[in-house]
Amino acid sequence: MAMKKCNLAFLPADGAGHIASTLEFAKRLLLHPSAAGRLSVTFLLMPVCASSFFSLNPPSSATDIAVHLLPDLAVPSRLETDGGEDYISLAFQLYAPHVKSALAATAPAALIIDFFATTVIDAARDLQIPTYVFFSTNATLLALMLHLPALHDEIPEEFELLQGEIKVPGLAAGIPPTSMPTPLMNKKNRCYTWLVYHGKRFKDVRGIIPNTLRAFEPQVLSALESDRSVPPVHPVGPVLCLDRAGGGGERHECLQWLDAQPAASVVFLCFGSLSRMTEAQTAETAVGIERSGRRFLWSLRLAESEGDGRPPAGFREATNGRGMVVEEWVPQAAVLAHAAVGGFVTHGGWNSCLESLWFGVPMVTWPMGAEQHLNAMMMAAEMGVAAEMEIDRHRGNWATAKEVEMKLNWLMGESEDVRKVRERVREMKVASRAAVEIGGPSYDGLGSLVTEFKRLPEQ
Ligand code: UDP
């Protein structure tokens with residue numbers, strides 16, 4: 001008789017940074033030898049997630065992942081809410097009764113949620129289904145969020161009015177107020193309220209699974225593990241979706257252009273799936289790039305209200321042959337993997353940081369929103385794998401042309417400082433790969449999770 005499979009339900013958020021790694025994590029669980037074909041996965045999808053999910057996981061995919069489409073609800077648009085974190089948290093809250101019906105219908109052994117979906121924990125608990133959080137970013141943000149309810153009680157004023165660092169257990173140096181995540185910079189905004197709420201609710205789950213690895217954040221992970229009020233933390237990273245680089249079909253023209261450039265000579269600038277540059281910042285950045293004299297590949301996306309999406313007049317001529325501007329989605333992982341790329345100017349989204357370290361590319365971080373300012377601080381101060389662009393947060397994270405020029409020259413230059421960063425990046429590349437190899441810490445962590453799931457009582 002065929003043994004019954006242990007079914008896991010996943011509830012992902014939309015957004016490239018969340019859904020892709022959640023899906024990849026699910027695949028890795030299914031393919032882990034400890035699963036031995038005894039796990040199955042069902043994705044509970046809000047309609048807003050469906051198109052990105054199916055583009056990432058076409059039905060012909062080797063791993064068998066079922067989909068339960070949630071009904072189409074009237075969810076406020078992003079613009080009607082206080083921001084991205086408010087929008088997605090509110091959407092999950094509105095969907096909670098439907099998630100409950102879906103759980104009752106599919107009877108999974110466990111529910112694995114996006115970290116903005118903690119409002120569904122109670123629905124799962126009513127059905128005696130344990131909830132886990134797939135935390136698609138790092139343990140530093142996790143430690144901060146877990147401590148937020150206490151910070152909320154202790155500190156009534158805005159964080160940026162504080163002198164000195166914000167103390168968080170596990171983060172020895174604390175967090176400078178200017179490095180706090182964007183949704184925490186205005187306490188009257190509902191994004192802040194939601195993050196405090198989620199931080200509180202993380203204590204109500206069976207386990208938290210951050211997309212990180214011990215070698216990146218040893219202290220903070222130890223602190224989380226030794227805190228008995230925190231559920232077990234299972235670092236399984238780096239969970240990367242490298243096949244999105246687009247197998248099949250023609251190689252992107254930017255890769256062909258890179259083929260013709262000398263090794264480690266090109267600086268790659270790319271700011272994630274959501275960030276858009278204003279026309280003024282584009283013009284300023286163009287001056288910095290031009291003056292640096294460096295070879296570059298610039299993935300440029302302008303805000304919709306801005307211009308026609310092109311770099312300033314004369315820029316292409318001035319940098320003719322030395323650079324390429326792409327005004328659409330670029331295959332970032334394939335670019336970072338290319339031997340011609342020697343540095344990465346990134347907004348510091350966590351997936352971008354993980355990819356850069358996987359391919360051993362040193363970074364300059366230029367955060368734009370979400371938790372990116374925190375990631376930037378952590379990459380530079382804690383991990384020593386990046387330098388931070390000096391920006392004006394009160395002016396839309398503005399960087400001057402001079403600063404862009406200086407940081408490009410630093411990144412692609414030969415100073416003692418950048419050589420040290422390159423060395424650290426090489427170490428982190430080795431650690432990333434070792435973590436997910438057979439017998440590596442994240443590989444084994446995944447195996448323990450699989451074993452834990454298989455032992456859960458059947459519904
Ligand atoms: N990405 C890409 N091409 C682009 C922009 C982004 O392939 O032009 C990918 C990138 O490789 C990463 C993801 O989209 O895997 C962005 O995730 P991240 O967490 O870095 O930032 P977010 O988009 O969530 O701000």
Side-chain angles (χ1 to χ4, degrees), residues 12-25 27 48-49 51-53 55-57 78 83-85 87-88 114-116 134-142 181-183 191 210-212 216 237-247 249 251-255 257-258 268-277 296-303 309 324-338 341 344-359 361 363-376 378-379 385-386 397 432:
D14 62 337
H18 288 243
I19 196 163
S21 56
T22 309
L23 177 60
E24 180 64 26
F25 168 61
K27 288 183 180 170
V48 65
C49 299
S51 66
S52 35
F53 178 85
S55 69
L56 291 162
N57 192 51
R78 253 168 229 270
E85 294 81 5
Y87 157 77
I88 191 65
D114 183 84
F115 74 89
F116 289 121
F134 178 66
F135 196 80
S136 51
T137 173
N138 50 62
T140 300
L141 179 68
L142 175 59
T182 302
C191 294
N211 190 3
T212 191
F216 285 8
V239 176
L240 301 172
C241 330
L242 302 176
D243 51 358
R244 227 177 356 163
R251 279 178 91 226
H252 194 279
E253 58 169 336
C254 73
L255 299 175
W257 179 79
L258 285 172
F268 172 46
L269 301 96
C270 186
F271 303 95
S273 61
L274 304 167
S275 302
R276 300 285 181 271
M277 238 184 214
F296 64 91
L297 170 61
W298 185 7
S299 163
L300 170 62
R301 300 243 208 61
L302 280 183
M324 181 171 186
V325 181
V326 181
E327 288 152 33
E328 53 179 39
W329 186 262
V330 289
Q332 177 172 300
V335 170
L336 290 169
H338 200 289
V341 172
F344 184 23
V345 178
T346 170
H347 71 315
W350 187 238
N351 293 285
S352 296
C353 298
L354 289 176
E355 289 164 13
S356 203
L357 294 173
W358 179 263
F359 291 113
V361 182
M363 288 168 271
V364 164
T365 48
W366 183 350
M368 304 279 169
E371 90 289 22
Q372 296 147 19
H373 297 81
L374 183 68
N375 298 348
M378 173 200 161
M379 292 279 124
V385 293
N397 302 303
S432 294

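Along the sequence shown, residues are numbered consecutively beginning with 1. First listed ligand is number 1; within each ligand, the first listed atom is number 1. Values reported hereafter were calculated over all heavy atoms of this structure, with side chains retained and with hydrogens, waters and symmetry mates removed. Because the structure is predicted, anything quoted here is derived from the model rather than measured.
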E328 N/O to ligand 1 N/O under 3.5 Å
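Checking ligand 1 against E328, no N or O pair falls under 3.5 Å apart.
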Based purely on interatomic distance, does V330 place a nitrogen or oxygen under 3.5 Å from a nitrogen or oxygen of ligand 1?
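V330 vs ligand 1: N/O contact under 3.5 Å present.
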Looking at L242 and A333, what are the two nearest heavy atoms and their distance?
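Looking at all heavy atoms of both residues, the shortest contact is CD2-CB, 3.9 Å.
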What part of R301, side chain, backbone, both or neither, has a heavy atom within less than 4.0 angstrom of ligand 1?
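The answer is the side chain.
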Quick one: does ligand 1 sit under 4.0 Å from the side chain of W350, the backbone, both or neither, non-hydrogen atoms only?
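Backbone only.
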Is the closest heavy atom of M368 to ligand 1 under 4.0 Å?
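The answer is no: ligand 1 sits nowhere under 4.0 Å from a heavy atom of M368.
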Just to check, does H18 reach to within less than 4.0 Å of ligand 1 when the distance is taken from its heavy atoms?
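Checking ligand 1 against H18, which is what was asked, there is no heavy-atom contact under 4.0 Å.
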Distance-only polar pair, side chains of T365 and Q372, donor-acceptor under 3.5 Å:
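Not at all, the side chains of T365 and Q372 share no donor-acceptor pair under 3.5 Å.
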Just jot down the ligand 1 atoms closer than 4.0 angstrom to any heavy atom of G272, in number order.
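Numbered from 1, ligand 1 contributes 5 (C), 6 (C), 23 (O).
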Measure the acute angle between the ring planes of F216 and W350, then classify it against the limits of 30° and 60° as parallel, tilted or perpendicular.
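Taking W350 first and then F216, their aromatic rings stand perpendicular (interplane angle over 60°).
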Going by the angle between their ring planes, with limits at 30° and 60°, are F271 and W366 parallel, tilted or perpendicular?
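F271 vs W366 ring planes: perpendicular.
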Using side-chain heavy atoms (C-beta onward) and a distance below 4.5 Å, is N351 in contact with N211?
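N351 reaches N211 side chain to side chain.
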Using a 4.5 Å cut-off on heavy atoms from C-beta on, say whether the side chain of F359 contacts that of L240.
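Heavy-atom side-chain distance check fails, nothing below 4.5 Å.
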